[in-house]
Amino acid sequence: MYGRYGVDHLNNAIMIVALAFGISTVFVSGIADTVLSLIQMLLLALWFMRAFSRNIYRRREENLGFLRLWGKFKARFKGVSAFFSRLADRDHKYFKCEKCKNRLRVPRGRGNITVTCPCCKHRFDKKV
């Protein structure tokens, strides 16, 4: 592999999509099976072309473009994953500061407490 580009994030994504097309061929038949298999073979050919390419600069630019696009996509779902992690946290209760809207985490089972926001130092009472 000396002088070759190798595997990067875009190649990993291409391989995952190719595997998804390969698995989906199990569930369909007829012309759809042929089309999905053809798409899978084209994706695998693209994967090999990128992995064994000697044009390292071009492959790096392609990967950076993919990472920029993936970052925008991932940023849209960042709040969703944080929401589900807060749902799984049974030891704490979450509040928003009434003044600065910062998210605050307070341990459960403390009764009525006064919460102080670390950002704006606003104090408010909550039942935990």
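In this structure, L67 is not a member of the same hydrophobic cluster as I56, with clusters built from ILVMFWY side-chain heavy atoms closer than 4.5 Å. Cluster membership for W70 and F77, using ILVMFWY side-chain heavy atoms within less than 4.5 angstrom, is shared. The cluster map of Ile, Leu, Val, Met, Phe, Trp and Tyr, joined by side-chain heavy atoms under 4.5 Å apart, puts L36 and L42 in different clusters.
For the pair L104 and C117, the minimum side-chain heavy-atom distance is below 4.5 Å. Residues M15 and L44 have side chains in contact (heavy-atom distance under 4.5 Å, counting atoms from C-beta outward). Between V106 and Y94 the shortest side-chain heavy-atom distance does not fall below 4.5 Å. Proximity of D89 to R105: side-chain heavy atoms (C-beta onward) are separated by under 4.5 Å at one or more points. Using a 4.5 Å cut-off on side-chain heavy atoms (C-beta onward), C119 and C97 make no contact. Side chains of I113 and D125 form no contact here, defined as non-hydrogen atoms less than 4.5 Å apart. Side-chain contact check for Y5 versus N11: every heavy-atom pair is 4.5 Å or farther apart.
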Full working for salt bridge (Lys or Arg N to Asp or Glu O under 4.0 Å) between D8 and R50: CA-CA 9 Å; D8 60 4; R50 290 191 82 255; 3.0 Å; yes
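Donor-acceptor pairing under 3.5 Å is lacking for the side chains of N12 and H9. Using modelled atom types and a 3.5 Å distance limit, the side chains of S53 and R59 yield a donor-acceptor pair.
Put simply, the side chain of D33 never gets that close to the backbone of V28: no donor and acceptor are under 3.5 Å apart. A distance-only check finds a donor-acceptor pair linking the side chain of T25 to the backbone of G22 [under 3.5 Å].
In plain terms, the two heavy atoms of V128 and P107 that are nearest each other are CG1-O, 2.9 Å.
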